[in-house]
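These notes are about the structure you will find just below.
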Protein chains: 2
Amino acid sequence: MTNDTASASPVAVAPEQACPITPVVDIVFSRWTTSILWTLHEYGRHRFVELERRITTITPKVLTERLRQLERDGLVVRTYHPEVPPRVEYEISDLGRSLGPLFAALAGWSVNLGKVEQARLEYDAKEPARGRRK
Amino acid sequence: MTNDTASASPVAVAPEQACPITPVVDIVFSRWTTSILWTLHEYGRHRFVELERRITTITPKVLTERLRQLERDGLVVRTYHPEVPPRVEYEISDLGRSLGPLFAALAGWSVNLGKVEQARLEYDAKEPARGRRK
DNA sequence: CAGTATCCAGACGGATACTG
DNA sequence: CAGTATCCGTCTGGATACTG
């Protein structure tokens, strides 16, 4: 943090983000990708159905979409085995593995989830505050 | 990572996530919240218009929605000053500040964005692979 | 098994206009 | 200034069915 109020600086910054971490978030934390990457990172290689079963609520269509995206971004490696029942395996790439510390930090922060829950309860309990009364 | 293939473990896990970090992601990295939190964390207190100007492409409606959500989750503190032109200030809470290391990790990982871009180029260049030909 | 192909609903967010 | 109110288009992602 630098100063208060921060109105002086005229930095207009490029459209879409004044914020350097948004690009990373878009790649790593879009819907479902977190679960997929984390699963692959934590439990190693998986076949398509195995992922489907582990992520329970995901549909094959969406799983395919996300896996393609992850593969394209170089975070996941897809291996096709031309066998009689076809076999495909997905595993995390080195680049994907480099997200490890990030995942650890995320998991670490989850100790605060209780505080979030608490904050929500308090917020919902107190009547509409000044300057916002309906 | 534990073992290969990982098909044996019958862990069915609760619907929605086999993955413990998803809840955190949902709270912290939903659309726009990253930019808002990061801005508040990095540059301190902001008034509504200041945020609006810094995040350039966000509309007042959406900014309000996200700020409410963040306030409810206890990540941001809203202060209303009952003055003649009303003045409202938003700042990050202690809980929000505890995301600092996470943000740092994210920012650090952005050195890899080039690799992602590279991977995309390669993926797009090579013709449809085996087992996936159109 | 490992996907594709369709169809579709509903949430999300943008544009615009108005108010205490 | 700091929002709120409306309207509405888009696009994601779910359900379902089919294929190499």
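All chains are named by letter (A, B, ...) in the order of the sequence lines, taking the proteins before the strands, and each is independently numbered beginning at 1.
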Can you tell me the distance, in whole Å, between the CD atom of E50(B) and the C1' atom of dA2(D)? 12 Å
Could you identify the nucleotide paired to dG20(C), looking across every strand shown and requiring Watson-Crick or G-U wobble geometry with both distances under 3.5 Å? dC1(D)
Measure CZ/R66(A) against P/dG13(D) and give the value in whole Å, please. 5 Å
Between dA2(C), dA2(D), dG14(D), which nucleotide has the shortest distance from any of its atoms to the side chain of V49(B)? dA2(D)
Whole angstroms only, please: what is the CD1-P distance between I36(B) and dG13(C)? 11 Å
More 5' along DNA chain C: Y90(A) or K61(A), using each one's nearest nucleotide? Y90(A)
Without decimals, in angstroms, what is the distance between Y80(B) OH and dC1(D) C1'? 10 Å
Write down the distance between NE2 (H81(B)) and P (dG20(C)), rounded to a whole number of angstrom. 23 Å
Ranking dG3(D), dA2(C), dG3(C) by distance to the side chain of T64(A), first place goes to dG3(C)
Watson-Crick/G-U partner (both atom distances under 3.5 Å) of dT6(D): dA15(C)
Flag side-chain contact, heavy atom, 4.5 Å: L40(B) against L51(B): yes
In whole angstroms, the gap separating P of dA2(D) from CZ of R87(B) amounts to 9 Å
Give the rounded distance in Å between these two atoms: CG of L63(B) and C1' of dG13(C). 13 Å
Between R68(A) and dT4(C), is there a contact of a side-chain N or O with OP1 or OP2 at under 4.0 Å? yes
Tell me: CZ of R53(A) to P of dC1(C), nearest whole Å? 6 Å
Which residue lies more 5' along DNA chain D, comparing P86(A) with T59(A) via nearest heavy atoms: T59(A)
Whether R31(B) contacts dC12(C) is assessed here as follows: a side-chain N or O lying under 4.0 Å from the phosphate OP1 or OP2. Is that the case? no
From dA2(D), dG3(D), dG20(D), pick the nucleotide closest to the side chain of P60(B)? dG3(D)
